[in-house]
Peer 1: 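Please read through the structure below; I'll follow up with questions.
FYI, side chains are in, hydrogens and waters are out, and symmetry mates aren't considered; it's all heavy atoms of this structure. Just so we're on the same page: letters track the sequence lines, and every chain starts at 1. Fair warning: this is a prediction, and the values are worked out from it, not measured in the lab.
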Amino acid sequence: MKENNEPVTRSESQSFIESFIGKDLKDGKNRGKIHTRFPPEPNGYLHIGHAKAICLDFGMAKKYGGKCNLRFDDTNPVKEEVEYIDSIKEDIHWLGFDWEEREFYASDYFGKLYNFAADLIKRGLAYVDDQPADLISSQKGTPSQPGTDSPYRNRQVNENLDLFNRMNKGEFDEGSRVLRAKVDMNSPNMHMRDPIIYRIIKSPHHRTGSTWMVYPMYDFAHGQSDYFEGITHSLCTLEFEVHRPLYDWFIDQLKSDDYRPRQIEFNRLNLTYTIMSKRKLLELVQEEKVRGWDDPRMPTLCGLRRRGYTPESIKRFVDLIGYTKVEAINDVSLLEHAVREDLNMKTPRVFGVLNPLKVIIKNYPEGQVENVELINNPEDESMGKRVVPFSREVYIEQDDFMETPPNKFFRLAPGMEVRLKGAYIIKCEGFKKNEKTGAIEEVYCTYDQNTRSGGNASDKKVKGTLHWVSAQHAVDAEVRLYDRLFIHEDPAGQKDDDYRKFLNPDSLKILKGCKVEPSLRSARPLEKFQFQRLGYFCVDYDSTSSKPVFNRTVQLKDTWAKVNK
RNA sequence: UGUCCCGUGGUGUAAUUGGCAACACGUCUGAUUCUGGAUCAGAAGAGUUCAGGUUCGAGACCUGACGGGACAACCA
């Protein structure tokens with residue numbers, strides 16, 4: 001919808017996929033309709049790479065007035081489990097997408113697929129091969145050498161039909177026979193060299209039980225399922241590019257009019273300092289390198305959710321990186337930027353002290369408590385204000401005090417003044433130091449009564465403003481700090497080294513004696529906050545009202561930390 | 001030694017389909033701030049892998065190199 005001479009803005013630029021779709025629609029292909037599908041195999045949890053596909057599949061359909069199906073690609077009963085199905089559905093909904101009543105399974109089509117295979121046999125386009133896997137494999141040749149025909153390639157139709165039927169009745173052992181499509185053993189494309197389309201598997205299927213003994217391969221199920229569902233655009237990742245000729249070959253055998261689905265491939269999502277392979281993520285879980293699929297360090301959607309990421313931030317990130325055919329590796333800092341941007345607008349500010357250091361305000365009356373008022377979110381006035389108790393003893397961050405500060409240290413040090421945010425300006429008059437360890441144990445200050453925020457002399461300038469928590473009112477909390485899971489930008493891409501070699505030993509730091517403001521006692525799992533000056537934090541599932549647990553989603557940008565390096 | 005795909009600042013993407021490279025992240029300044037956040041203003045950083053060709057004109061088209069990736073699972 002470009003108006004007159006408005007310049008083309010970023011948001012209007014389309015990916016190559018969208019251009020293809022737009023052209024197909026304009027050309028009136030498939031009656032000018034768009035229908036997509038998201039086709040996960042239920043063999044693991046969804047990760048942020050899947051989110052990229054989900055956003056495309058559901059996003060394109062929505063944008064162009066079409067529909068998007070959810071289809072579980074469950075053609076291999078030995079790898080798939082029901083537990084994954086529920087988590088996949090939960091994650092898609094969490095992201096904010098809905099397939100309505102269109103929840104399908106490749107296994108819904110086992111009957112149709114079987115009949116289609118039988119039909120191919122009758123047309124002389126498929127045959128049963130009795131050879132073992134290694135022989136079939138070696139006859140396929142190599143990418144640079146053509147294959148050779150199987151001795152069973154010209155088996156009679158009736159024999160093929162009978163054998164295929166008996167394969168499905170369980171008369172033969174797994175691995176003893178397969179059904180192959182008769183395509184072209186000399187094709188430069190390995191996938192066209194008489195691909196196996198059915199194999200015998202006797203383990204029960206999570207949905208069809210032991211109805212079938214014979215199961216279709218991916219290549220024989222995916223395109224056909226698209227066809228059965230009326231899919232117009234079958235969007236998948238780059239590695240399926242070489243499968244496309246086969247996809248088209250089966251559609252050619254299947255189609256009866258001018259409707260046909262079209263496969264388009266785009267680049268996978270890769271992120272720096274993590275891995276995206278389902279197999280490797282499973283290893284991390286099984287080898288207990290992480291605490292589970294939803295460990296906040298994992299790139300899984302449930303992990304990111306637990307870490308405190310919002311669906312909006314993930315969608316925003318996906319939107320920023322785009323869809324191309326270039327195998328790219330995206331910088332996590334862009335993802336982090338996306339959460340900060342979102343959380344900045346949404347989260348209430350609170351005080352939490354991670355490494356407490358007690359400050360005693362010597363001239364503040366003992367036993368006195370004042371309730372100071374603080375703005376919940378300077379970005380959004382509608383979020384209102386809250387009241388926080390202030391008293392003679394408060395905790396500040398250990399990092400906010402230095403005995404001998406460097407230049408430009410705008411915090412507390414002997415003789416220096418700082419503001420305790422929302423309360424008073426205090427001046428450091430002394431401190432107690434453990435002579436053995438050198439640790440600062442207490443800091444002694446005086447406060448200026450006239451400097452209370454909002455008061456007469458409240459506009460007096462000081463260099464620094466600190467967050468704090470009243471000692472007697474503080475709630476003890478556990479805080480889990482996360483760092484990148486790997487110390488290498490591309491841990492899985494190092495040919496000579498196993499990715500495990502690059503695991504970051506300090507990716508998780510658990511802080512036990514943290515002090516947070518009393519309002520946080522009632523925080524519920526998944527609630528998000530900005531701990532002022534520190535970062536964004538999300539309440540963990542392990543949290544209880546007596547002992548809150550917070551996960552740090554991401555730090556605030558910290559220019560001081562950079563200067564300090 | 002085959003077939004297919006890809007090659008634009010540090011990173012990810014754009015470039016009205018041939019008109020003298022734009023945006024975001026990151027980086028660095030400065031302003032502002034009761035968050036060293038946010039915000040605001042600004043800067044540095046690529047001449048589009050290379051070499052030819054077509055053209056008045058090429059990041060876009062052609063040819064050839066070079067570099068990266070995918071493909072030889074009874075996985076998806």
Peer 1: Using a heavy-atom cut-off of 4.0 Å across all strands, would you classify A/Asn267 as base, sugar-phosphate, or nothing?
Peer 2: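 Contact class for A/Asn267: sugar-phosphate only.
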
Peer 1: Using the side-chain hydrogen bond (donor to acceptor under 3.5 Å, both in side chains) rule, take A/Thr36 and A/Asp57 through it: C-alpha gap first, then chi angles, then the decisive distance, then the call.
Peer 2: CA-CA 6 Å; A/Thr36 58; A/Asp57 293 329; 5.1 Å; no

Peer 1: Using the C1' atoms only, state how far B/U33 lies from B/C40, rounded to an integer number of Å.
Peer 2: 11 Å

Peer 1: Testing A/Lys427, A/Lys461, A/Lys463, A/Lys460 one by one against A/Glu417 for a salt bridge (charged side-chain N to carboxylate O under 4.0 Å, His left out), which residue passes?
Peer 2: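 Output: one option passes, namely A/Lys460.
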
Peer 1: Within 45° of the ring axis of A/Tyr127 and under 6.0 Å from its six-membered ring centre, is that where the NZ or CZ of A/Arg155 lies?
Peer 2: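 No, A/Arg155 does not sit over the ring of A/Tyr127.
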
Peer 1: So, is A/Lys562 near the phosphate of B/U27, with a side-chain N or O under 4.0 Å from OP1 or OP2?
Peer 2: yes

Peer 1: Of the listed nucleotides (B/A76, B/G36, B/A38), which one gets closest to any side-chain atom of A/Lys557?
Peer 2: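 Within the option list, the nearest is B/A38.
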
Peer 1: Measuring from the side chain of A/Pro143 (C-beta onward, heavy atoms only), which nucleotide among B/C74, B/C71, B/U13 has the closest atom?
Peer 2: B/C71

Peer 1: Dot-bracket for RNA chain B, 5' to 3', with Watson-Crick and G-U pairs under 3.5 Å, [ ] for crossing pairs and | for other-strand pairs: what is it?
Peer 2: .((((((..((((.....[..)))).(((((.......))))).....(((((..]....))))))))))).....

Peer 1: Picking from B/U1, B/A76, B/C6, which would you name as closest to the side chain of A/Val326?
Peer 2: B/C6

Peer 1: Using the six-membered ring of A/Phe351, assess whether NZ or CZ of A/Lys421 lies under 6.0 Å from its centre and within 45 degrees of the ring axis.
Peer 2: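 Relative to the ring axis of A/Phe351, which defines the angle, A/Lys421 lies outside at least one limit.
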
Peer 1: B/U13, OP1 or OP2 - any side-chain N/O from A/Ser13 closer than 4.0 Å?
Peer 2: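 No, because none of the side-chain N or O atoms of A/Ser13 sits under 4.0 Å from OP1 or OP2 of B/U13.
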
Peer 1: Under 4.0 Å from OP1 or OP2 of B/U35: is there any side-chain N or O of A/Lys463 that close?
Peer 2: no

Peer 1: Under 6.0 Å between ring centres, would you say that holds for A/Phe529 and A/Phe537?
Peer 2: no

Peer 1: From the set B/C5, B/G37, B/U35, return the single nucleotide nearest to any side-chain atom of A/Lys421.
Peer 2: B/U35

Peer 1: Counting heavy atoms from C-beta on, name the nucleotide in B/C74, B/C75, B/A14 closest to the side chain of A/Thr324.
Peer 2: B/A14

Peer 1: Would B/G45 be called syn or anti here, given the cut-off of 90° from 0?
Peer 2: anti

Peer 1: Do A/Arg71 and A/Phe38 form a cation-pi contact, if we require the NZ or CZ to be under 6.0 Å from the six-membered ring centre and within 45 degrees of the ring's axis?
Peer 2: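 Ring-cation test returns no.
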
Peer 1: Starting at the 5' end of RNA chain B, which residue's closest nucleotide do you reach first, A/Pro188 or A/Glu341?
Peer 2: A/Pro188

Peer 1: When you measure from the side chain of A/Thr559, which nucleotide among B/G37, B/C75, B/C34 comes out closest?
Peer 2: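 So the side chain of A/Thr559 is nearest to B/G37.
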
Peer 1: For A/Met185 and B/A72, give me the distance from atom CE to atom P, rounded to whole Å.
Peer 2: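 Those two atoms, CE and P, are 14 Å apart.
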
Peer 1: Which nucleotide, B/C71, B/G2, B/C74, lies nearest any side-chain atom of A/Ser144?
Peer 2: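 Looking only at heavy atoms from C-beta outward on A/Ser144, the closest nucleotide is B/G2.
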
Peer 1: Any side-chain N or O of A/Arg411 under 4.0 Å from OP1/OP2 of B/G36?
Peer 2: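 Negative; the distance criterion is not met.
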
Peer 1: Determine the interatomic distance between C1' on B/U49 and the same-named atom on B/U17; round to the nearest Å.
Peer 2: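 After rounding to an integer number of Å, I get 23 Å for this pair.
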
Peer 1: Below 3.5 Å, does any donor atom in the side chain of A/Glu379 face an acceptor in the base of B/U39, or the other way round?
Peer 2: no

Peer 1: Has A/Tyr218 got its ring stacked on the base of B/A76, with centres under 5.5 Å and planes less than 30° apart?
Peer 2: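 One would not call A/Tyr218 stacked on the B/A76 base.
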
Peer 1: Categorize A/Thr272 for me: base, sugar-phosphate, or nothing, with a 4.0 angstrom heavy-atom threshold over every strand shown.
Peer 2: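 A/Thr272: no heavy atom of the nucleic acid under 4.0 Å.
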
Peer 1: Can you measure from CG (A/Leu46) to CG (A/Asp91) and round to the nearest 0.5 angstrom?
Peer 2: 5.5 Å

Peer 1: Going by a 90° cut-off around 0, is B/U17 syn or anti?
Peer 2: syn

Peer 1: A/Leu556 side chain: which of B/G36, B/C75, B/U35 is closest?
Peer 2: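 For A/Leu556, the side-chain atoms sit closest to B/U35.
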
Peer 1: Indicate, with a heavy-atom threshold strictly under 4.0 Å, whether A/Pro132 touches base, sugar-phosphate, or nothing.
Peer 2: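 Counting heavy atoms under 4.0 Å across all strands, the contact made by A/Pro132 includes a base.
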
Peer 1: Please report whether the ring centroid of A/Phe110 lies less than 6.0 Å from that of A/Tyr215.
Peer 2: yes

Peer 1: Does a side-chain N-to-carboxylate-O contact under 4.0 Å join A/Arg411 and A/Glu397?
Peer 2: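 No, this pair does not count.
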
Peer 1: A/Arg199 side chain N/O closer than 4.0 Å to the phosphate oxygens (OP1, OP2) of B/C75?
Peer 2: yes

Peer 1: Is a donor-acceptor contact shorter than 3.5 angstrom present between the side chain of A/His243 and the base of B/A76?
Peer 2: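 Result: at least one qualifying N/O pair found.
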
Peer 1: Taking the C1' atom of each, how far is B/G12 from B/A73, in whole Å?
Peer 2: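 It works out to 33 Å between them.
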
Peer 1: As a test of reading the structure: which of B/G36, B/U11, B/G12 is closest to the side chain of A/Asp331, going by heavy atoms?
Peer 2: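 Looking only at side-chain atoms, A/Asp331 lies closest to B/U11.
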
Peer 1: Choose from B/G12, B/C75, B/A24 the nucleotide whose nearest atom is closest to any side-chain atom of A/Ile321.
Peer 2: B/G12

